[in-house]
Amino acid sequence: MKLIVAIIRPEKLHDVLEALFRAEVRGLTITRAQGHGGEMERVETYRGTTVKMELVDKVRLDIGVSDPFVDVTVAALQRSARTGDVGDGKIFVLPVEKVIRIRTGEEDVGAVTPVTTG
Amino acid sequence: MKLIVAIIRPEKLHDVLEALFRAEVRGLTITRAQGHGGEMERVETYRGTTVKMELVDKVRLDIGVSDPFVDVTVAALQRSARTGDVGDGKIFVLPVEKVIRIRTGEEDVGAVTPVTTG
Amino acid sequence: MKLIVAIIRPEKLHDVLEALFRAEVRGLTITRAQGHGGEMERVETYRGTTVKMELVDKVRLDIGVSDPFVDVTVAALQRSARTGDVGDGKIFVLPVEKVIRIRTGEEDVGAVTPVTTG
Amino acid sequence: MSLLLPLAPTWSLAAAVSPADTAWMLVATALVLLMTPALAFFYGGLVRAKNVLNTMMMSVAAMAAVGIAWALVGYSLAFAPGGALVGGLDHLFLRGVGLDAKGTLPHLLFMAYQATFAIITAALISGAVVERIRFGPYLAFITAWSVVVYAPVAHWVWGGGWLAKLGALDFAGGTVVHVNAAAAALVAALIVGPRRDYGRQAQLPHNIPFVVLGAGLLWFGWFGFNAGSALAANGIAALAFTNTLLAPATTLLVWMLLDQLRSKRTTAVGAATGVVVGLVAITPAAGYIGPLSALLLGGFAALPSYAAILLRSRSALDDSLDVVAAHGIGGTTGALLTGVLAQAVWGGTDGALFGAPRQLLWQAIGVAAAALYSAGASFALLKLIGKLVPLRPAARVEGMGLDLQEHGEEAYTTGEGAILVIPEEALPERAPAGLPLPAPAEGAF
Amino acid sequence: MSLLLPLAPTWSLAAAVSPADTAWMLVATALVLLMTPALAFFYGGLVRAKNVLNTMMMSVAAMAAVGIAWALVGYSLAFAPGGALVGGLDHLFLRGVGLDAKGTLPHLLFMAYQATFAIITAALISGAVVERIRFGPYLAFITAWSVVVYAPVAHWVWGGGWLAKLGALDFAGGTVVHVNAAAAALVAALIVGPRRDYGRQAQLPHNIPFVVLGAGLLWFGWFGFNAGSALAANGIAALAFTNTLLAPATTLLVWMLLDQLRSKRTTAVGAATGVVVGLVAITPAAGYIGPLSALLLGGFAALPSYAAILLRSRSALDDSLDVVAAHGIGGTTGALLTGVLAQAVWGGTDGALFGAPRQLLWQAIGVAAAALYSAGASFALLKLIGKLVPLRPAARVEGMGLDLQEHGEEAYTTGEGAILVIPEEALPERAPAGLPLPAPAEGAF
Amino acid sequence: MSLLLPLAPTWSLAAAVSPADTAWMLVATALVLLMTPALAFFYGGLVRAKNVLNTMMMSVAAMAAVGIAWALVGYSLAFAPGGALVGGLDHLFLRGVGLDAKGTLPHLLFMAYQATFAIITAALISGAVVERIRFGPYLAFITAWSVVVYAPVAHWVWGGGWLAKLGALDFAGGTVVHVNAAAAALVAALIVGPRRDYGRQAQLPHNIPFVVLGAGLLWFGWFGFNAGSALAANGIAALAFTNTLLAPATTLLVWMLLDQLRSKRTTAVGAATGVVVGLVAITPAAGYIGPLSALLLGGFAALPSYAAILLRSRSALDDSLDVVAAHGIGGTTGALLTGVLAQAVWGGTDGALFGAPRQLLWQAIGVAAAALYSAGASFALLKLIGKLVPLRPAARVEGMGLDLQEHGEEAYTTGEGAILVIPEEALPERAPAGLPLPAPAEGAF
Ligand SMILES: Nc1ncnc2c1ncn2[C@@H]1O[C@H](COP(=O)(O)OP(=O)(O)O)[C@@H](O)[C@H]1O
Ligand SMILES: Nc1ncnc2c1ncn2[C@@H]1O[C@H](COP(=O)(O)OP(=O)(O)O)[C@@H](O)[C@H]1O
Ligand SMILES: Nc1ncnc2c1ncn2[C@@H]1O[C@H](COP(=O)(O)OP(=O)(O)O)[C@@H](O)[C@H]1O
């Protein structure tokens with residue numbers, strides 16, 4: 001099992017979700033984040049004060065996948081999150097020792113295959 | 001040392017915190033998140049536009065624990081976060097190489113045992 | 001490659017960013033979080049209701065670094081985030097299997113060295 | 001046309017209409033109407049984010065349903081010539097309500113002014129049952145209530161009914177509006193029952209600046225409420241206005257002191273509450289007592305309401321936004337103190353302090369009668385509605401928040417993860433402009 | 001001084017100024033001005049957080065640019081004695097506009113009242129092009145439009161122009177304000193083109209309480225708009241006021257029912273929209289029809305606008321905040337129904353239902369003329385401006401949101417990650433107090 | 001009762017009260033009172049989220065403390081017959097302030113109108129010391145200041161004091177309100193010292209829409225402030241009203257241009273600031289100059305305040321929300337330009353441009369006298385209070401934000417992680433309803 005952590009542009013979230021769903025990756029958790037990297041800094045002005053915004057809004061995705069799914073997931077992410085401009089973000093693949101589905105107690109692969117109800 | 005990442009329902013946070021405290025797990029960090037899994041999708045309407053909300057509000061807990069605490073923590077989480085309906089969330093157990101308490105520089109087990117002041 | 005996860009006080013973020021930049025660590029992602037540890041609890045009152053706030057605002061930093069950078073990063077974090085009072089936070093060092101820069105597909109060390117444009 | 005014709009008016013502009021009084025009452029009416037959106041913010045800020053739209057809609061919808069019911073039926077029951085208990089049907093469907101003078105005002109304007117009172121009174125009730133009552137039954141209840149309860153009680157006091165004859169003083173509605181609404185609120189809170197997580201989990205206000213905004217706009221609008229109740233731009237209006245400035249000032253000051261004594265913190269929610277309590281308390285007295293008495297009345301009125309909030313929050317009664325403590329206790333305090341502090345020399349009759357202790361009794365009778373009738377009728381109405389449809393949503397809906405289930409919306413969205421649903425039904429008459437969208441370029445022309 | 005002197009006034013305070021009418025119109029003018037910030041919130045809540053400041057500034061800036069243009073030029077073109085199509089230049093630069101009476105009001109007050117109409121009308125247009133038009137060209141457009149389009153059309157109806165002569169009824173601006181602005185909005189939406197993600201991605205309102213606040217304040221201000229259009233504190237004002245209370249109430253009720261029927265949810269955005277549609281629809285009719293007719297008109301007016309919103313959102317027309325559906329369709333419905341429901345006995349002339357079917361034709365002519373002229377002139381103005389400067393920002397800017405690029409700000413910030421930029425330029429004249437900061441201790445004195 | 005009786009009024013309703021003037025001044029008073037909650041939003045949006053409640057409470061509490069102090073003492077010191085420097089004690093505790101006419105208004109209404117001025121003036125000061133002064137000492141300071149400084153200065157200009165005799169013009173309070181408050185603000189900022197992170201860390205506004213809301217409501221309320229200062233519904237009121245519409249329009253336009261020139265962005269915070277500066281600058285001139293002069297005055301007034309904000313933000317002076325730049329510099333510019341642009345023909349006396357250069361001197365003397373007295377007395381008051389209690393909270397408290405420590409609340413909460421504290425103290429008198437909660441079922445009845 002792996003946990004894939006991707007940092008992407010918020011305006012790309014829509015495309016990324018679509019690409020993941022098409023790649024049959026249906027379980028994920030997102031968090032709003034802010035990033036700093038090589039992007040151009042934004043300058044803002046509040047009355048007399050000028051500030052440089054070092055942080056840019058990003059979205060973070062946490063996706064638990066079984067090992068065979070790692071490559072398709074990463075590929076889907078890379079394809080859909082890319083604009084080519086600096087600031088597209090990163091993908092981290094972390095090792096996971098155990099995944100548990102809270103509802104059933106199922107572990108690992110069983111835990112990350114969603115049961116669709118809708 | 002392990003890092004336990006749990007994704008739960010926000011309305012269960014209260015119960016989960018209580019269960020964790022009772023299990024003597026007192027150090028943790030939470031983040032507001034949104035998840036997609038097998039839950040029923042919500043439909044919302046804004047003027048003429050109808051949208052399907054693919055994401056549901058969740059809370060993410062990050063809990064650093066020493067190895068002997070992993071099982072009690074996971075058990076406490078599973079018990080307290082469960083409703084039985086689809087959408088209860090997941091628990092990931094990640095390996096950790098090192099934990100440091102910023103205040104003292106203590107490492108690992110020492111770093112995750114809180115000193116109560118209140 | 002490692003992923004360094006640090007939980008710090010929000011009011012220290014400014015200093016921490018400065019310290020990291022000075023240590024040549026320029027890529028990172030932050031998330032607003034709330035923590036529970038040994039800090040004194042805050043009491044708030046809303047009309048007749050008195051509540052204890054178990055959670056304190058924190059900021060979480062996720063920093064992907066190559067192995068040689070782990071120590072300087074941790075050191076910079078520890079120096080700059082410390083106040084000496086309970087509640088300064090923790091640093092977790094997690095193993096990473098792979099890092100990918102979305103824009104270029106570069107992996108690992110290449111992926112975490114920012115290209116500055118600003 | 002047959003509906004409209006018989007109502008065609010036959011007056012000429014009466015000489016008795018005073019332009020100056022009309023000028024003031026046009027504004028006063030607008031001010032009182034503004035109190036309902038203000039209440040939407042006062043209440044909306046106090047609930048959790050998942051219920052804010054539902055809470056606001058409980059006030060907004062009153063402007064529609066109660067406003068219409070008032071024009072069609074309620075006004076006649078309150079103000080058409082009638083008996084001791086209820087007005088007649090002469091003004092049903094606004095018959096005979098035109099531009100000729102009622103007092104010194106165009107009759108329609110008087111009707112509109114009173115309509116804004118009916119609306120805000122009904123909306124006040126919502127505070128007791130927020131976060132857990134279904135929207136439809138709620139709206140049915142307050143609309144029926146405005147006709148069955150509010151209109152007759154208004155008739156008792158202002159329409160020449162038995163309380164007016166008895167001599168009970170209620171300048172701008174301490175009894176008619178506040179005690180009346182609070183009694184209904186109490187019954188509604190009991191029948192609907194507490195929120196499922198009441199007393200187990202902290203239910204905190206999600207946006208206190210909204211509460212402050214609501215209180216600020218309420219104070220502003222309340223000048224129309226109290227000074228407008230003089231129905232003229234005269235000295236009594238000026239007196240009522242000044243008292244509406246001074247009394248809440250002392251209530252606010254005392255409230256902050258009480259907060260400070262109790263918890264060493266002067267809370268902003270407390271300050272906003274104190275302002276409202278002061279406004280409620282001065283309402284029945286505004287045109288009857290002097291300004292120094294208003295300062296006293298305001299300061300004193302903080303005590304019982306403050307205590308009531310402390311007690312309520314330790315009790316099993318989930319009067320969620322303390323309608324009983326603020327409006328019921330506050331209105332009662334004000335009504336009784338009116339009977340103590342009223343002075344003939346300021347435009348009322350003398351109260352207990354000025355030689356007429358009996359006035360206090362008339363005041364108590366007024367409060368008790370309004371409270372009992374409102375409570376009884378509200379009980380009957382809610383039981384009736386509860387027989388027809390469930391009053392409460394499922395536990396799951398209550399947990400998710402009523403905004404989603406009852407209104408299909410979230411108050412604050414980022415749009416992340418929202419997928420546009422392309423409507424399947426074809427739209428033949430507009431097919432060319434229909435979907436799939438031909439992504440139009442800039443400068444389509 | 002040479003600029004100011006020739007304009008020095010030479011009147012004495014005319015006996016014909018009515019203090020009571022002045023009192024009411026002072027307030028009415030303030031109320032109408034408040035509608036522009038109210039619109040900023042109504043519109044601002046409906047857009048995404050990254051564009052809220054831009055959207056609000058589109059209204060706020062109108063108070064500056066259009067207000068000044070009106071005082072200097074527009075007022076004269078609308079209200080100075082002139083021909084059938086446009087007023088004269090006698091009041092250019094406010095010449096001859098002083099404190100003597102125009103009707104029963106100080107002339108300046110009449111000018112100020114009309115200025116607030118010009119401002120809100122121009123600001124209404126912004127709803128069609130939010131989230132994607134550059135701020136400068138937008139401001140240039142609405143300012144020019146207020147002079148070239150709004151002023152003449154106001155002259156047609158209220159300044160003694162051809163529509164007034166024809167007998168078209170427009171009490172407070174159904175045609176002059178709402179149809180007029182909506183036609184410009186339609187053209188602007190077409191020329192500017194849709195938002196780049198329109199129809200692909202959900203664009204949800206970021207703060208619905210703000211929408212409710214805007215609608216509440218709009219309703220409040222609209223009493224000044226409609227009842228103020230009587231230009232006096234008289235029965236007609238009272239009638240217009242009451243109708244402005246009743247008509248939106250039924251629109252709101254019907255809108256909630258339609259929402260309920262369609263999606264089983266009564267949305268708060270829908271309620272706010274319904275209120276505005278009702279206010280728009282009653283505007284041309286307010287002082288001409290009876291209150292029961294107003295209830296009917298309000299209820300009926302919900303239908304076409306509701307349908308129009310459904311159609312629009314399925315079409316390629318990105319009239320982002322539905323200016324056409326709410327103001328164009330709503331204003332047209334109101335203008336036509338005015339021709340049906342007007343009654344001489346209430347102060348207008350009789351409409352189709354009361355024996356004068358021809359009135360309906362005059363109404364239709366009024367709507368069509370205003371819409372066509374406004375659309376044509378807006379097209380020309382936007383094309384012209386588009387030739388000089390680009391109307392739209394780069395795709396990247398549109399993606400990031402216009403607040404950042406056009407205004408250099410974010411609406412909601414925590415300040416995290418914001419680094420103070422120390423200005424390099426020295427400030428010689430204030431060097432001692434200048435930087436670097438000598439971190440002053442508490443109690444510097 | 002012994003307290004109330006001697007004050008019992010003995011007048012009959014004087015014939016001299018004008019209903020029309022009363023109608024207008026009732027509204028004007030309500031409008032000025034609304035400015036204080038408006039200020040709470042203007043200031044509250046500009047601070048960080050952790051201090052928004054504290055900042056709002058600084059305005060809200062002024063409505064209590066200063067309002068009461070004014071009624072009891074301040075009004076008499078300002079407006080009771082007295083000497084050149086301060087009024088007498090005849091109206092102490094509102095003695096002799098009843099419903100008979102003061103001018104053409106009920107005396108009480110005049111008192112209430114002036115009370116709203118005292119409140120907003122005191123609240124303005126808070127902008128200089130937000131985010132770091134303890135609430136108690138702040139409230140003590142502004143309350144004492146309103147009696148010791150505001151009341152006498154108001155007497156100088158409006159109560160028949162020495163500036164009135166000298167002939168200094170101040171229509172609605174450029175000197176009495178704005179310069180006066182700004183001088184106190186400057187001294188307070190210096191004595192309290194800068195925020196601990198001032199100049200090191202960016203301190204950004206947490207909610208700019210709130211700032212826009214505040215500015216919009218301030219503009220709305222300011223019509224009551226300026227046009228109400230005519231104390232009648234007449235031509236002067238109309239003139240003051242129109243000028244209050246036009247002058248801020250040009251200030252806003254020029255401000256946007258300056259923003260554009262400096263940073264290529266027209267900021268929304270800047271626009272809101274520009275509106276306020278324009279309103280401040282026209283205040284002393286509103287009823288004395290013509291509308292074209294108002295356009296000029298407004299445009300010109302942008303320049304010094306804009307420059308002052310730039311300088312201040314590069315200096316060590318933490319006048320956090322630029323009270324000095326907006327109200328001090330803006331008020332001074334307005335007061336001086338009044339001396340230049342005033343025209344007898346519009347209702348004032350002639351200014352420098354119209355043949356009376358000396359007027360400029362009287363204006364300068366007025367500004368200097370108010371500023372010096374206010375600064376000196378504020379210094380003394382703050383030093384005195386600082387001797388008794390600390391003015392500033394501990395560094396830790398300042399870091400956490402004052403909302404938590406001073407008010408025990410957070411402005412925006414989700415309630416996550418909040419644990420209900422069950423009060424240990426038993427509540428014997430209500431034991432049955434007390435805790436532990438017997439989780440009442442739905443339909444408890
Ligand atoms: N070393 C890192 N650790 C964690 N997050 C990072 C790291 N480097 C970059 N990021 C995240 O990725 C985003 C984009 O990175 P950046 O270097 O600006 O662009 P690119 O990847 O296109 O070169 C940043 O805003 C930040 O959120
Ligand atoms: N593979 C995954 N990776 C990360 N988070 C997941 C994953 N699958 C589910 N989640 C999170 O868990 C939540 C509940 O999952 P879901 O599959 O809907 O329910 P259940 O676990 O009860 O079957 C989701 O909303 C999402 O936040
Ligand atoms: N075991 C843990 N796992 C995750 N986060 C933790 C853990 N312990 C503490 N934290 C985070 O660190 C913060 C500070 O920890 P605390 O124990 O209060 O202080 P200190 O580290 O100074 O002893 C907490 O608020 C929480 O966010």
Side-chain angles (χ1 to χ4, degrees), chain D residues 1 3-4 7-9 13 17 19-20 22-23 26-27 29-30 33-34 37 40-41 44 52-53 56-57 60-61 63-65 67-68 71 93-94 99 106 108-109 111-112 115 135 210 406-409 411-413 415 418-420 423 427 430 433-435 437-438 440-445, chain E residues 18 20-21 23-24 27 31 48-49 190-194 199 201-209 212-213 216 219-220 223 227 233-235 237-239 241-242 245-246 249-250 252-253 256 263 265-269 271 290-293 295 311 314-317 343 345-346 353 379 386 392:
Chain D
M1 188 166 157
L3 183 73
L4 299 172
L7 307 165
L13 259 184
V17 167
T22 301
L26 287 167
V27 184
T29 309
L33 188 79
L34 182 64
F41 274 77
V52 56
L53 296 180
M56 289 188 162
M57 284 295 282
V60 169
M63 295 199 281
I68 297 169
F93 289 81
L94 294 181
L99 303 184
L108 263 182
L109 179 58
M111 188 284 299
F135 186 63
F210 280 180
E406 297 281 311
H407 307 286
E409 293 165 307
Y412 314 101
T413 45
I419 308 281
L420 267 181
L427 297 166
R430 285 263 304 221
L435 288 154
L437 286 178
E442 177 175 347
F445 264 57
Chain E
S18 152
D21 293 348
W24 164 233
V27 184
L31 286 171
R48 289 168 286 181
L190 287 171
I191 293 188
V192 173
Q201 206 166 307
Q203 293 147 333
L204 305 186
H206 88 287
N207 194 319
I208 298 179
V212 174
L213 177 65
W219 199 342
F220 178 60
F223 289 117
N234 58 16
L239 175 64
F241 191 104
T242 307
L245 180 65
L246 296 180
T250 41
L252 172 50
L253 193 68
M256 291 195 296
S263 67
R265 309 275 187 279
T266 47
T267 65
V269 168
L292 280 197
S293 301
L295 284 170
L311 286 175
R314 280 150 184 72
S315 80
L317 173 67
Q343 272 175 285
V345 75
W346 283 104
L353 198 63
F379 182 84
R392 291 187 67 150

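Numbered from 1 within each chain, the chains take letters A, B, ... in sequence-line order. In what follows, every heavy atom counts, from backbone to side chain, and hydrogens, waters and symmetry copies are set aside. Quick caveat, the model's predicted, so the values are computed rather than measured.
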Would you say that E:Arg265 contacts D:Phe135 through its side chain, given a criterion of any heavy-atom pair below 4.5 Å between the two side chains?
no

Just do the side-chain contact (heavy atoms from CB on, under 4.5 Å) check on D:Val27 and E:Phe223 with the steps written out, would you?
CA-CA 9 Å; D:Val27 184; E:Phe223 289 117; over 6 Å; no

Turns out that what part of D:Pro37 lies under 4.5 Å from chain E's heavy atoms comes down to side chain

Within a strict 4.5 Å, meaning less than it, do heavy atoms of the E:Thr250 and D:Ile68 side chains meet?
yes

For E:Leu246 and D:Gly67, the nearest pair of non-hydrogen atoms, with its separation, is CD2-O, 4.3 Å

Shortest non-hydrogen separation from E:Ala20 to D:Ala20 and the atoms involved
CB-N, 3.5 Å

Using a 4.5 Å cut-off on heavy atoms from C-beta on, say whether the side chain of D:Thr22 contacts that of E:Asn234.
no

Which portion of E:Ala49 sits near chain D, non-hydrogen atoms under 4.5 angstrom
neither

Beyond-backbone contact of D:Leu99 with E:Trp346, side-chain heavy atoms, under 4.5 angstrom:
yes

Ignoring hydrogens and geometry, is there a side-chain-to-backbone donor-acceptor pair from E:His206 to D:Thr413 under 3.5 Å?
no

Which atom names give the shortest non-hydrogen contact between E:Gly235 and D:Pro106, and what distance separates them?
CA-CG, 4.2 Å

Value rounded to 0.5 Å, distance of CD1 in E:Ile208 from NE2 in D:His407
10.5 Å

Can you check whether E:Pro209 reaches D:Phe210 side chain to side chain, under 4.5 Å on heavy atoms?
yes

Quick check: closest heavy atoms across D:Leu53 and E:Ala268, and the distance to 0.1 Å?
CD2-CB, 4.1 Å

Tell me, for E:Gln203 versus chain D, whether the close heavy atoms (under 4.5 Å) come from the side chain, the backbone, both or neither.
neither

Testing the basics here: between D:Leu34 and E:Gly216, what is the closest heavy-atom pair and its distance to 0.1 Å?
CD1-O, 4.4 Å

Should E:Val212 and D:Val52 count as side-chain neighbours, where that means a heavy-atom distance under 4.5 Å?
no

Using the test side chain to side chain donor-acceptor pair (under 3.5 Å), find all partners of D:Glu409 that sit at least two apart in sequence or belong to another chain.
none

Does a side-chain heavy-atom distance below 4.5 Å link E:Leu213 with D:Phe41?
yes

Any side-chain heavy-atom pair of D:Glu406 and E:Thr266 under 4.5 Å
no

Is D:Ala30 close to chain E through its backbone or its side chain, or both, or neither, when contacts mean heavy atoms under 4.5 Å?
both

Residue set satisfying ring-ring contact (aromatic ring centres under 6.0 Å, His included) with E:Phe220, at least two apart, ordered chain then number -> none

Can you tell me how far the CE atom of D:Met63 sits from the CG atom of E:Leu253, to the nearest 0.5 Å?
12.5 Å

Counting only heavy atoms closer than 4.5 Å, note whether D:Ala61 contacts chain E via side chain, backbone, both or neither.
both

Point-to-point distance, once rounded to the nearest 0.5 Å, from CG of E:Leu295 to CZ of D:Phe93:
10.0 Å

Okay, D:Leu26 and chain E: the region with an atom under 4.5 Å from a heavy atom over there is both

